[in-house]
Amino acid sequence: MKKLKQKVSNRSSDDSHSYGGQYVPETLFPALNEVQAAFDSIKSDSVFQAELHELLCNFVGRPTPLYFAKNMSLELGHDIYLKREDLNHTGAHKINNAVGQALMAKKMGKTRIIAETGAGQHGVATATACALLNLECVVYMGEEDMRRQALNVYRMKLLGATVVGVSNGSRTLKDAVTEAIRDWMSNLGNTFYLIGSIVGPAPHPEIVEYFQSIIGREAKEQLKNRINVLPDIAVACVGGGSNAIGLFHDFIDDKSVELIAVEAAGKGLDTNEHSASLTKGTPGILHGSYSYLLQSETGQVGIAHSISAGLDYPGVGPALSILKDAGRLTSTAVTDDAALKACYWASKTEGLIPALETAHAFAWLKETAPTLPGKKVILLNVSGRGDKDMQTLMENSDILFGDA
Amino acid sequence: MPISTSVFKSKNTVIPYFTFGYPSVAFTEDLIRAAAKAGADAIEIGIPFSDPIADGPVIQASHTAALRTGEDVSVFAALKMVSRLKKEVSIPLIFMCDANLIAHYGVSAFFKDAGEHGLEGIVMPNLPVELAGSYMKHAKSNGVDIIFLIAPMTDKERIQKIVAASSGFIYLISSKGLTGERASFNEDLKPVVDYIKSIKDIPVAIGFGISNKEHVEFVNRIADGAIIGSYFIRQITESLPDDALAKKRVMSILEQMKD
């Protein structure tokens with residue numbers, strides 16, 4: 001027997017995987033086909049679209065403002081525009097998708113909604129949409145995240161949802177998704193899996209992108225009305241990638257717009273404690289799709305780390321993997337400490353406390369903008385507000401205020 | 001000998017599933033030898049994975065435990081065990097593992113190594129037939145069977161595609177949901193088995209939820225064999241840290257089922 005050493009380099013071009021796909025057990029196929037059919041039909045259903053529009057305007061609070069960040073612009077020497085998804089009802093972009101999908105589930109005759117949540121923002125958004133539309137709601141959340149985001153756990157309960165703690169694996173978002181998929185497989189029929197990011201088996205990533213693309217569509221229109229230009233740069237933080245693809249979607253064909261995805265470098269990209277799957281991962285299969293993934297030498301899914309629970313995911317949406325490989329998107333990453341400092345910087349400079357997830361995008365802005373030549377128009381997606389992060393911020397006050 | 005002709009000869013065909021490296025590689029290796037002697041018709045070797053989405057709590061816990069032992073429980077280590085076992089065990093050895101472990105290993109490299117190490121087949125619960133093209137090509141050229149799964153709710157069009165792509169045997173899931181024991185057993189499986197057989201003459205083994213001799217006999221009456229995982233893994237889990245007791249309990253149940 002020949003001695004063989006297992007290495008990633010065993011891959012050959014003949015192995016042919018495409019990003020996305022439906023890498024799921026056979027049991028789920030009827031459910032995926034049902035979701036696909038519903039998704040196809042709502043896109044051209046004027047009654048559905050009118051109901052969604054009504055909810056987005058009067059329940060969610062859309063359109064969200066596009067805010068010219070005067071102080072930041074002055075400090076950095078560029079024109080900074082902030083898309084204020086933090087001003088949505090429930091405090092983040094997650095509600096756009098939750099309301100859309102819950103409405104779709106209702107149309108499908110589903111009575112029970114399951115969801116996963118990391119930071120709790122998607123869980124809160126889903127619980128909110130379910131309360132509104134009178135649907136049963138069960139949210140899976142890693143126990144570590146329940147500790148970090150206790151306030152959001154309480155909010156979900158207040159909204160009538162059942163929060164199920166997940167004690168498997170790293171007890172974070174990855175494990176919550178796994179548990180939600182298991183629940184789905186055991187409760188097909190009445191249950192709809194309302195996934196919160198652009199991950200999971202097709203068509204789920206595409207559905208989330210569809211409902212989140214309103215972010216970039218509005219921003220593009222608002223910027224046009226305001227200064228009649230496209231941004232030079234569109235920047236967003238990336239965990240699974242829903243707020244990023246929501247911002248990017250309408251700019252993908254505008255080749256002059258540089259797309260920047262800011263991942264969580266955690267304790268540093270040279271450590272094993274980060275969540276930078278686009279920047280440091282290799283393609284693999286997780287939760288039903290093929291995409292960039294943090295994984296061990298033998299193909300075990302890595303345990304991600306980020307100070308922000310919403311970025312703490314070892315995978316990323318297939319749509320972003322495609323953009324990266326096509327050279328259309330630049331991925332980069334900032335550390336926990338940089339994100340904490342940027343959270344303070346954004347708060348005191350512009351009077352808005354961003355979520356720790358969003359603070360990663362601000363950290364990139366603060367570090368990189370001064371090095372950019374000329375005067376750029378930079379569009380940054382403020383994916384959420386930081387109220388939920390007070391506990392973490394307080395615990396890290398020394399870093400936050402350290403060199404201020 | 002191909003799996004299809006070597007496995008399904010006995011009246012009560014039983015294919016046990018053991019998690020590789022749970023609680024140790026030496027234990028798994030010893031258990032497979034003993035199970036082969038006790039009349040197991042093939043063995044499914046579950047390769048531990050960090051996120052097994054198709055598995056119930058019993059098997060998932062065994063994966064987590066195997067990954068935490070610190071021993072090498074990789075695909076490559078399992079292939080090495082297969083080549084050691086193949087010197088004395090003649091029944092087919094089959095992997096059951098998440099598609100990512102194979103994608104990561106490299107599809108062509110895996111099937112080449114699998115062929116060289118004597119692995120007869122592989123089940124990848126999250127690899128649907130539509131995405132299996134390169135896997136099937138390399139499996140075929142290296143003499144390894146890919147065993148696809150069919151669920152009771154799989155529609156006829158998909159069943160046709162899956163059966164056409166399958167070699168070795170078909171793994172029919174007894175009911176919806178995850179692996180794990182069940183009190184009641186779905187008795188409406190016969191029409192699905194008959195439909196599969198009307199497409200192609202291929203053995204059908206039934207798995208998920210089989211936990212007693214009556215199940216084994218029923219499944220062998222309507223199909224060709226029973227795959228038993230969680231029930232055996234639970235015997236091991238309940239016996240640990242007493243390895244000898246774990247082995248004894250698994251063997252006595254296997255012998256009784258094969259009786």
Side-chain angles (χ1 to χ4, degrees), chain A residues 1-18 20-33 168-170 174-175 177-189 201 282-288 290 293 295-303 314, chain B residues 48-57 60-61 64 67 72-77 79-80 83 97-110 112-113 116-117 124-131 133-135 137-138 148-155 158 162 171 173 175-178:
Chain A
M1 187 64 55
K2 224 170 31 171
K3 257 235 183 277
L4 294 156
K5 177 103 177 87
Q6 185 174 334
K7 279 207 193 93
V8 183
S9 58
N10 281 345
R11 286 160 186 270
S12 77
S13 56
D14 198 23
D15 289 354
S16 71
H17 295 83
S18 302
Q22 297 179 310
Y23 291 92
V24 292
E26 205 48 44
T27 309
L28 278 181
F29 274 85
L32 292 176
N33 292 341
N168 301 325
S170 55
K174 163 182 87 98
D175 311 285
V177 177
T178 302
E179 278 315 298
I181 294 175
R182 291 150 164 284
D183 176 311
W184 193 22
M185 287 181 49
S186 309
N187 297 290
L188 298 164
T282 52
I285 299 162
L286 177 66
H287 296 143
Y290 188 75
L293 183 63
Q295 47 189 336
S296 75
E297 275 178 22
T298 56
Q300 302 295 338
V301 179
I303 292 181
Chain B
F49 186 57
S50 50
D51 297 77
I53 55 175
D55 283 307
Q60 186 193 25
T64 307
L67 288 169
D72 183 358
V73 292
S74 66
V75 168
F76 185 60
L79 283 175
K80 286 194 286 189
S83 73
C97 79
D98 192 277
N100 189 54
L101 295 178
I102 305 306
H104 190 80
Y105 193 105
V107 177
S108 57
F110 170 76
K112 182 169 167 286
D113 292 354
E116 284 176 5
H117 287 70
M124 288 167 279
N126 61 337
L127 182 72
V129 64
E130 291 87 349
L131 299 170
S134 68
Y135 292 76
K137 185 182 116 190
H138 293 292
F148 287 98
L149 293 94
I150 288 177
M153 62 287 270
T154 305
D155 65 43
R158 281 192 69 78
I162 295 165
Y171 189 140
I173 301 167
S175 60
K176 69 179 184 181
L178 310 169

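Order of the sequence lines fixes the chain letters, A, B, ..., with proteins taken first and strands second; residue numbering starts at 1 for each chain. Keep in mind the model is a prediction, meaning the values are calculated, not measured.
Between chain A and the residues B:Ala151, B:Ala61, B:Ser50, the largest count of heavy-atom pairs under 4.5 Å involves B:Ser50.
Using a 4.5 Å heavy-atom cutoff, the side chains of B:His104 and A:Gln295 are in contact. Residues A:Gln300 and B:Leu101 form a side-chain contact, since some pair of their non-hydrogen atoms from C-beta on lies under 4.5 Å apart.
Exactly one of B:Asn100, B:Ile102, B:Leu131, B:Leu127 qualifies for a side-chain contact (heavy atoms from CB on, under 4.5 Å) with A:Ile285. That residue is B:Asn100.
Of all non-hydrogen atoms in B:Pro57 and A:Arg182, the two that sit nearest each other are N-NH1, 4.4 Å. Across all non-hydrogen atoms, the minimal contact from A:Glu26 to B:Ile150 is CG-CA, 4.1 Å. Considering every non-hydrogen atom in both A:Asp175 and B:Asp51, the closest pair reads OD1-OD2, 4.3 Å. Across B:Ile53 and A:Tyr23, no two heavy atoms sit closer than the pair CD1-O, 4.3 Å.
In this structure, chain A has a heavy atom under 4.5 Å from the side chain of B:Ile162, while its backbone stays farther away. For A:Ile303, no part lies near chain B; criterion is any non-hydrogen pair under 4.5 Å. For A:Pro25, the parts lying under 4.5 angstrom from a heavy atom of chain B are both the backbone and the side chain.
With rounding to the nearest 0.5 angstrom, the CG atom of B:Asn126 is 10.0 Å from the CG atom of A:Leu286.
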